[in-house]
*Asks:* 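Starting off with a structure, shown below.
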There are 2 protein chains.
Amino acid sequence: MRKSKRERQRLLQETIRENPFVTDEELAEKFSVSVQTIRLDRLELSIPELRERIKHVARQSFADKVRALPLEEVIGDIIDIEPDASAISIFDVKEEHVFRRTRIARGHHLFAQANSLAVAVIHDELALTAKATIRFVRQVKEGERVVAKAKVTGKTESGRTVVDVNSYVGQELVFSGTFEMYRSNMEKKDGDSNEHRD
Amino acid sequence: MRKSKRERQRLLQETIRENPFVTDEELAEKFSVSVQTIRLDRLELSIPELRERIKHVARQSFADKVRALPLEEVIGDIIDIEPDASAISIFDVKEEHVFRRTRIARGHHLFAQANSLAVAVIHDELALTAKATIRFVRQVKEGERVVAKAKVTGKTESGRTVVDVNSYVGQELVFSGTFEMYRSNMEKKDGDSNEHRD
DNA sequence: TTACTTTTAGTACCTAGTCATAAATCCGGG
DNA sequence: CCCGGATTTATGACTAGGTACTAAAAGTAA
């Protein structure tokens with residue numbers, strides 16, 4: 001069944017978005033029109049040719065891949081840090097951080113930002129989270145910018161460092177956590193660790 | 001400076017690995033040989049042509065992207081689930097989950113697995129973590145497989161569901177957490193839902 | 001020199017297009 | 001019925017970045 005021009009072009013866009021690897025010839029067959037018509041359609045819709053589309057996808061993923069691992073080290077951008085005292089990081093909630101249906105940020109990303117910051121604020125070769133009590137105060141939505149503020153508040157008798165992290169969207173508290181951090185360079189007193197070397 | 005065949009082919013492989021978008025012509029210029037020589041080299045080294053390379057990169061990233069979002073929905077693979085009762089997931093600690101220097105898993109990944117499982121076990125349209133108390137019992141290393149077991153243990157007077165999650169490597173407890181989950185359909189008593197989106 | 005490897009050149013063909021021009025077809029109004 | 005604009009199709013010339021094959025030239029070692 002041949003569709004109207006409008007309808008065909010709408011479906012064309014959708015088809016290519018879903019599968020950028022489709023050729024004009026395949027599209028022509030799919031819509032029962034000539035290849036030339038498909039090309040006219042692409043021209044009108046400013047859809048580039050197959051090879052350009054593929055190149056674009058490849059370029060993007062290539063750039064992403066390079067960025068992926070090193071960036072993972074710290075979740076959020078640290079914008080201020082005073083070692084063993086305090087630190088601040090910002091984290092922009094994007095599409096990939098939210099539940100698809102509700103657009104609400106998944107808890108572990110807020111945790112990751114806070115945990116990451118707690119690790120970073122510890123001025124030591126090795127810092128690990130031993131224990132944490134956290135509270136998700138209010139939901140964070142896609143597009144919001146979360147500012148996490150970490151403050152070193154003290155030490156436990158077992159020598160762990162306690163870090164409080166509060167995260168805000170604007171003036172509003174959205175997340176709050178207390179982290180007990182294990183660190184390697186405690187004067188002495190080695191509890192239960194094995195080795196840690198580079 | 002013209003290199004030996006061996007040396008040129010070694011560099012050729014490296015060059016293409018680093019930048020798959022390079023044409024034979026550009027390579028010919030780079031190594032001061034003819035385009036035909038480059039093609040012979042590619043043939044001997046079984047390196048596909050530019051377009052195939054790009055297509056490959058694009059295909060991979062496209063598959064990743066399609067997999068990335070829905071897969072991100074749950075961290076770890078759920079291998080068993082009894083809605084509103086219990087669930088089990090496994091999570092293999094890979095390179096991207098550990099601190100580079102120590103090869104110890106970053107806390108937020110263990111948290112993410114547990115949190116994700118706590119969300120999944122709740123048989124409801126919307127489940128969000130309101131509060132969590134967690135403990136990282138022992139360090140998890142790259143290559144280890146973490147099995148998380150979630151159990152719904154009760155409800156708070158405010159109507160939240162409490163989920164306990166314990167994660168193990170082998171028989172050893174590595175992570176333990178108590179999650180207080182907010183859920184949308186708290187009053188609803190019926191078991192089966194007919195709507196399954198996504 | 002001869003024998004062999006390596007490199008270069010040239011041709012025909014391929015895919016998945018571009019651009020431009022022209023012709024055919026469709027669809028509605030008068 | 002014919003007319004006219006929109007739409008579709010056809011055709012030809014050209015492109016990039018190749019493959020596949022043949023042939024010749026250049027380099028190298030005994």
Side-chain angles (χ1 to χ4, degrees), chain A residues 1-69 95, chain B residues 1-70:
Chain A
M1 187 56 177
R2 303 270 295 247
K3 279 120 181 165
S4 75
K5 190 181 174 184
R6 262 215 198 304
E7 177 68 355
R8 188 189 58 234
Q9 293 196 344
R10 201 184 57 72
L11 287 171
L12 188 84
Q13 274 192 306
E14 200 181 297
T15 306
I16 292 177
R17 185 163 32 76
E18 271 171 31
N19 172 204
F21 300 92
V22 67
T23 63
D24 287 358
E25 210 166 82
E26 289 165 342
L27 289 165
E29 200 153 305
K30 170 163 185 168
F31 294 113
S32 308
V33 291
S34 72
V35 179
Q36 284 76 4
T37 302
I38 296 295
R39 287 178 181 162
L40 266 177
D41 285 346
R42 276 202 299 99
L43 197 74
E44 284 175 21
L45 299 168
S46 313
I47 298 171
E49 62 164 291
L50 170 68
R51 285 159 178 167
E52 290 306 312
R53 295 195 302 262
I54 290 181
K55 208 188 290 179
H56 184 75
V57 173
R59 278 241 150 75
Q60 212 177 320
S61 85
F62 202 70
D64 284 355
K65 213 158 274 171
V66 172
R67 219 176 305 137
L69 279 172
E95 193 190 348
Chain B
M1 190 54 163
R2 304 268 296 245
K3 280 122 181 163
S4 74
K5 190 182 176 185
R6 267 224 188 296
E7 177 67 357
R8 188 190 58 234
Q9 292 195 346
R10 202 184 56 73
L11 286 171
L12 188 84
Q13 274 190 309
E14 200 183 297
T15 306
I16 292 177
R17 187 166 28 78
E18 269 171 33
N19 172 206
F21 301 92
V22 67
T23 64
D24 286 358
E25 212 167 78
E26 289 165 342
L27 289 166
E29 201 152 305
K30 169 162 185 166
F31 294 111
S32 308
V33 292
S34 71
V35 179
Q36 283 76 5
T37 302
I38 297 294
R39 284 175 185 166
L40 266 177
D41 285 346
R42 277 203 297 99
L43 198 74
E44 284 176 20
L45 299 168
S46 312
I47 298 171
E49 62 163 293
L50 170 70
R51 285 155 180 170
E52 289 307 312
R53 295 194 302 262
I54 290 180
K55 208 188 289 177
H56 185 77
V57 174
R59 278 242 150 76
Q60 213 177 328
S61 87
F62 200 72
D64 283 356
K65 211 160 274 176
V66 169
R67 219 179 304 135
L69 282 171

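Just so we're on the same page: letters track the sequence lines, and every chain starts at 1.
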*Asks:* Select one nucleotide: of C:dT6, C:dC19, C:dG17, the one nearest the side-chain heavy atoms of B:Lys5.
*Replies:* C:dT6

*Asks:* Using whole Å, what does the distance between atom P of nucleotide C:dG17 and atom CG of A:Asp41 come to?
*Replies:* 14 Å

*Asks:* With heavy-atom distances below 4.5 Å as the criterion, would you say the side chains of A:Arg51 and B:Ile54 are in contact?
*Replies:* no

*Asks:* Could you tell me the separation between the CG atom of B:Asp24 and the CD1 atom of B:Ile16, rounded to the nearest 0.5 Å?
*Replies:* 7.5 Å

*Asks:* Write down the distance between CD1 (A:Ile38) and P (C:dA16), rounded to a whole number of angstrom.
*Replies:* 15 Å

*Asks:* What is the separation between atom CD1 on B:Ile54 and atom P on D:dA16, rounded to the nearest whole Å?
*Replies:* 15 Å

*Asks:* Would you mind reading off the distance between A:Leu43 atom CG and D:dT8 atom C1', rounded to a whole angstrom?
*Replies:* 15 Å

*Asks:* Give the nucleotide from the list D:dA20, D:dT9, D:dG17 with an atom nearest to the side chain of A:Val33.
*Replies:* D:dT9

*Asks:* Write down the distance between CD (A:Gln9) and P (D:dA6), rounded to a whole number of angstrom.
*Replies:* 15 Å

*Asks:* Within a strict 4.5 Å, meaning less than it, do heavy atoms of the B:Phe31 and B:Thr15 side chains meet?
*Replies:* yes

*Asks:* Nearest whole angstrom, please: distance from the C1' of D:dG18 to the CD1 of B:Ile47.
*Replies:* 15 Å

*Asks:* State which of D:dA10, C:dA16, D:dT7 makes the closest approach to the side chain of A:Ser34.
*Replies:* D:dA10

*Asks:* Quick one: is D:dT8 close enough that its OP1 or OP2 comes under 4.0 Å of any side-chain N or O from A:Thr37?
*Replies:* no

*Asks:* So does B:Arg51 reach the base of D:dG17 with its side chain, donor to acceptor, closer than 3.5 Å?
*Replies:* yes

*Asks:* Using atom CD of A:Glu26 as one end and atom P of C:dT15 as the other, report the distance to the nearest whole Å.
*Replies:* 13 Å

*Asks:* Tell me what B:Arg42 touches on the nucleic acid: a base, only sugar-phosphate, or nothing, going by heavy atoms under 4.0 Å.
*Replies:* sugar-phosphate

*Asks:* Can you tell me the distance, in whole Å, between the CZ atom of A:Arg53 and the P atom of C:dA16?
*Replies:* 11 Å

*Asks:* Can you work out whether B:Glu44 or B:Gln36 has the more 5'-proximal nearest nucleotide on DNA chain C?
*Replies:* B:Glu44

*Asks:* Between D:dT8 and A:Arg8, is there an OP1 or OP2 to side-chain N/O distance shorter than 4.0 Å?
*Replies:* yes

*Asks:* Take atom CD in A:Glu29; do more than 12 heavy atoms of anything else shown fall under 6.0 Å from it?
*Replies:* no

*Asks:* Salt bridge or not between B:Arg10 and B:Glu14? Use side-chain N to carboxylate O under 4.0 Å.
*Replies:* yes

*Asks:* Closest nucleotide of DNA chain C for A:Glu25 versus for B:Leu40: which of these residues is on the 5' side?
*Replies:* B:Leu40

*Asks:* Picking from C:dC19, C:dT8, D:dG18, which would you name as closest to the side chain of B:Asp24?
*Replies:* D:dG18

*Asks:* Describe the nucleic acid contact of A:Glu49 in one word from base, sugar-phosphate, nothing, applying a heavy-atom distance below 4.0 Å.
*Replies:* sugar-phosphate

